[in-house]
Amino acid sequence: MFVSTEPLFLAQLRTQDAILVSVHSHRGSVPREAGAWMAVFADNTVGTVGGGHLEWQAMAEARVRLGCAPGEPLVRYALGPTLGQCCGGEVVLKFEPVSAADMPRLQAAFAQARADWPHIALFGGGHVARALVHTLAPLPLRVRWVDSRDEVFPTTLPTNVSAEHADPVQSAVADVVPGALVLVMSFSHAEDLDVVTACLARQRAQADLPFIGLIGSRTKWASFSHRLLARGYAPAELAQVTCPIGLPGITGKAPEVIAVAVAAQLLQVISQRTS
């Protein structure tokens with residue numbers, strides 16, 4: 001589920017009936033995972049179950065059902081020559097008529113799905129952080145955005161982002177959700193060092209932060225490493241910090257480029273942890 005599709009679906013459902021098409025199960029190579037969904041209205045769709053001929057067939061079937069034609073709730077599609085897709089697997093799609101009366105149930109289901117989203121703790125409200133929040137906005141992630149300067153946050157936030165003022169900023173590390181991925185990119189190196197130190201102290205006590213990413217160059221990390229070693233942290237503990245951050249091989253220093261590289265790295269880490 002993607003953040004941008006849920007409000008669009010529910011808003012339109014207030015006035016129009018739809019067929020909710022979801023991936024019930026699958027086998028082999030397929031376009032989307034179980035739980036992916038698409039809402040088919042009379043004149044448009046919201047979401048996707050994978051694109052290509054499979055989705056075209058699903059849309060056609062859904063619109064037939066919108067005309068009150070009967071049909072089995074589960075339909076199997078073989079992704080082979082008959083669909084013109086060479087994935088080779090098969091998908092079972094669920095077709096479910098929905099209306100405004102179903103909104104409370106759907107809202108509860110979406111809320112339950114959101115509860116399982118991975119958590120990101122983002123420290124710092126500068127240009128890169130703003131670009132990153134924008135990049136993460138449509139993704140199934142819960143972002144806690146922290147800065148020591150309350151006035152830096154925009155007045156409107158994406159629905160999956162909560163902003164928090166903390167002074168000193170490192171005090172918020174204690175409340176980070178266990179298992180969250182932490183990103184450190186404050187307005188000052190002193191604050192960055194304080195947050196990283198707090199994260200390492202928490203790791204020493206609880207070992208529940210699977211990723212600690214620090215923005216900056218290798219030179220910055222060399223300086224931080226020297227200071228952290230002087231504070232009693234061992235090289236093995238420092239190895240828990242990733243600096244520089246961002247998927248390797250993506251060049252460019254514009255905030256938007258860095259944000260894309262960091263978002264890709266976060267998704268990679270999450271995929272590795274859940275696979």
Side-chain angles (χ1 to χ4, degrees), residues 1-26 30-51 54-55 58-75 91-122 132-146 153-164 175-181 263 266-267 270-271 274:
M1 184 206 316
F2 285 79
V3 179
S4 58
T5 55
E6 177 191 330
L8 293 174
F9 168 41
L10 294 177
Q12 190 166 349
L13 191 63
R14 294 181 185 277
T15 57
Q16 299 180 49
D17 293 350
I19 300 295
L20 182 61
V21 184
S22 58
V23 179
H24 178 267
S25 60
H26 57 81
V30 296
R32 291 295 305 275
E33 67 283 356
W37 59 268
M38 168 179 68
V40 181
F41 294 91
D43 56 359
N44 74 305
T45 64
V46 177
T48 175
V49 292
L54 168 67
E55 186 161 284
M59 289 167 57
E61 175 66 23
R63 291 211 163 97
V64 168
R65 297 184 185 217
L66 274 176
C68 298
E72 293 295 323
L74 301 180
V75 180
V91 177
V92 177
L93 296 181
K94 179 180 180 181
F95 291 81
E96 178 186 5
V98 291
S99 66
D102 297 294
M103 287 187 63
R105 174 177 61 84
L106 293 170
Q107 288 171 327
F110 287 142
Q112 179 60 46
R114 284 195 298 271
D116 296 330
W117 288 355
H119 288 256
I120 309 296
L122 173 60
L132 183 59
V133 165
H134 178 75
T135 301
L136 299 179
L139 301 180
L141 301 169
R142 301 175 71 176
V143 182
R144 180 188 179 203
W145 193 9
V146 185
F153 299 117
T155 54
T156 303
L157 295 173
T159 56
N160 64 334
V161 177
S162 62
E164 175 183 332
D175 298 325
V176 169
V177 174
L181 281 60
L266 292 175
L267 294 176
I270 292 168
S271 295
T274 57

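Quick note: residue numbers are just sequence positions, from 1.
Of all the heavy atoms in Leu157 and Ala163, the pair that sits closest is CD1-CB, 3.6 Å. Taking each heavy atom of Ala58 and Leu93 in turn, the nearest pair found is CB-CD1, 3.7 Å. Between Thr48 and Glu55 the shortest heavy-atom distance is OG1-OE1, 2.5 Å. For the residue pair Pro140 and Pro118, the shortest heavy atom distance occurs at O-CD, 3.5 Å. When all heavy atoms are compared, the tightest approach of Arg65 to Val75 is NH2-CG2, 3.5 Å. In this structure, Leu66 and Asp17 approach most closely via the heavy-atom pair CD2-O, 4.0 Å.
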Could you go through Asn44 and Gln12, starting from their C-alpha distance and side-chain angles, then the distance that decides it, and tell me whether this counts as side chain to side chain contact (heavy atoms under 4.5 Å, CB included)? CA-CA 10 Å; Asn44 74 305; Gln12 190 166 349; 2.6 Å; yes
Assess whether side chain to side chain contact (heavy atoms under 4.5 Å, CB included) is satisfied between Trp145 and Leu136, documenting all intermediate values. CA-CA 12 Å; Trp145 193 9; Leu136 299 179; over 6 Å; no
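Remark: Phe41 CZ to Leu13 CG distance equals 5.5 Å, nearest 0.5 Å. Rounding to the nearest 0.5 Å gives a distance of 4.0 Å between CD of Glu164 and CZ of Arg144. To the nearest 0.5 Å, atom CG of residue Leu54 and atom CE of residue Met59 are 11.5 Å apart. Here the straight-line distance linking atom CZ of Phe110 with atom CE of Met103 works out to 9.5 Å at 0.5 Å rounding. How far CG of Leu106 is from CG of Leu20: 6.5 Å, rounded to the nearest 0.5 Å. Summarising the geometry, atom CG belonging to Leu266 is positioned 4.5 Å from atom CD1 belonging to Ile120; distances are rounded to the nearest 0.5 Å.
Atom NE2 of His24 is surrounded by 12 or fewer heavy atoms from other residues, nucleotides or ligands within 6.0 Å. The neighbour count for Arg105 CZ, taken as heavy atoms of other residues, nucleotides or ligands under 6.0 Å away, is above 12.
Listed by chain and residue number, nothing satisfies the ring-ring contact (aromatic ring centres under 6.0 Å, His included) test with Phe95 (two or more places apart in sequence, or in another chain). With sequence neighbours left out, Thr135 forms a side-chain contact (heavy atoms from CB on, under 4.5 Å) with Ala259, Ala263.
A donor and an acceptor atom, one from each side chain of Ser22 and Glu96, are nowhere located under 3.5 Å apart.
Proximity of a side-chain donor or acceptor of Arg63 to a complementary backbone N or O of Ala42 within less than 3.5 Å is detected. Checked by atom type and distance alone, the side chain of Asn160 pairs as donor or acceptor with a backbone atom of Leu141 at under 3.5 Å.
You'll find the side chain of Glu6 stays beyond 4.5 Å of the side chain of Thr159, heavy atoms only. Leu132 has its side chain out of reach of Val143: every pair of non-hydrogen atoms, C-beta onward, lies at least 4.5 Å apart.
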